[in-house]
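The structure appears right after this line, and notes come after that.
Numbering of ligands and ligand atoms starts at 1, following listing order. Only this structure's heavy atoms are used, side chains among them; waters, hydrogens and symmetry mates stay out.
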Amino acid sequence: MTGRMPADVADRLYGRLRDELGCGPAVLDVGVGSGAVSAELADRGVTLVLLDVVDLRGSEAPAAPFLRGSCCALPIRSGSVTGVHLARVLHHVPDWRRALAEVVRVLAPGGALCLTLGGRSYGAELSQLREAVFSAGAVLGLRAAHHSHQPHGADAVDAELAGLGMGTPELVDVSFPVWHTPRDAAADAAVHPYIWAPGQDLSPLVGVVERVLVESPLPPDEPIRHERVVCYRIYRAHRGDL
Ligand SMILES: C[S@@+](CC[C@H](N)C(=O)[O-])C[C@H]1O[C@@H](n2cnc3c(N)ncnc32)[C@H](O)[C@@H]1O
């Protein structure tokens, strides 16, 4: 059973992002999280500066400079980075328009913004179990890390970036099969640091997971094959007078 991206798909996706971001002196990964995606870029030659409001880096994170800060007030000089990677961050940020303005401010002329709003990590059956865990957590008073579980629409993001002088995006989508048991999907929803705001006692969710599994018609320990989808939008800043 695996939830990992196959190596050939990773080469296709992250190789393309590397080609867009380039191997210049500084590509900013905004909202780096665990650093797992950053590592894919670093392994393919991208020189990164990592940034997040909270340090969630795990052992897989690349050995790159880390800045603590918000995408709404980037501690970076204007026009100083050759590329920005912004993956699955905007739905955490109430003032997402401000975040986009900041990203465009720090990009050098001709630089690339590789942005994903999230794609789909779990198929419908498993998503329902996870939603049941989210809802029960909210009833228990736990705070979600997401500003909204619905990513802001891609059209709204395109329009905002067009207004900031960025070109029409190129779309890069990959999909691949993954296998998870209902138990794994529900248990992940109960502990994942991207889902719950930091500093909370999540232990009440252990019982929630058991209840959700008992109430589900799905056999809890039987792997289900589903499709994971990752969608990037690649925008390029105008070259200006250069
Ligand atoms: C779903 S995770 C995505 C992590 C990584 N980019 C990836 O795709 O795997 C969202 C990340 O955005 C970060 N984040 C939330 N609000 C932020 C803000 N205002 N500025 C920068 N990062 C923020 C969170 O701390 C978290 O690490």
Please say whether [X] places an N or O atom under 3.5 Å from an N or O atom belonging to ligand 1.
| X | result |
| --- | --- |
| H91 | no |
| V54 | no |
| G31 | yes |
| C71 | yes |

Q) Looking at F66, is R57 sitting on its ring face, NZ or CZ under 6.0 Å from the six-membered ring centre and within 45 degrees of the normal? A) yes

[atom] - nearest protein heavy atom and its distance:
| atom | value |
| --- | --- |
| atom 7 (C) of ligand 1 | R88 NH2, 3.3 Å |
| atom 12 (O) of ligand 1 | V89 CG2, 3.7 Å |
| atom 15 (C) of ligand 1 | H92 CB, 3.6 Å |
| atom 3 (C) of ligand 1 | A87 O, 3.5 Å |

Q) Can you check whether Y232 and H85 have ring centres sitting under 6.0 Å from each other? A)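 Here the rings of H85 and Y232 have centres that are less than 6.0 Å from each other.
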
Q: For the residue pair T116 and R88, confirm or rule out a side-chain donor-acceptor distance under 3.5 Å.
A: no

Where ligand 1 meets [X] - atom numbers and elements under 4.0 angstrom, heavy-atom basis:
| X | value |
| --- | --- |
| D52 | 13 (C), 14 (N), 22 (N), 23 (C), 24 (C), 25 (O), 26 (C), 27 (O) |
| L56 | 27 (O) |
| V53 | 14 (N), 15 (C), 16 (N), 17 (C), 18 (C), 19 (N), 20 (N), 21 (C), 22 (N), 23 (C), 25 (O) |

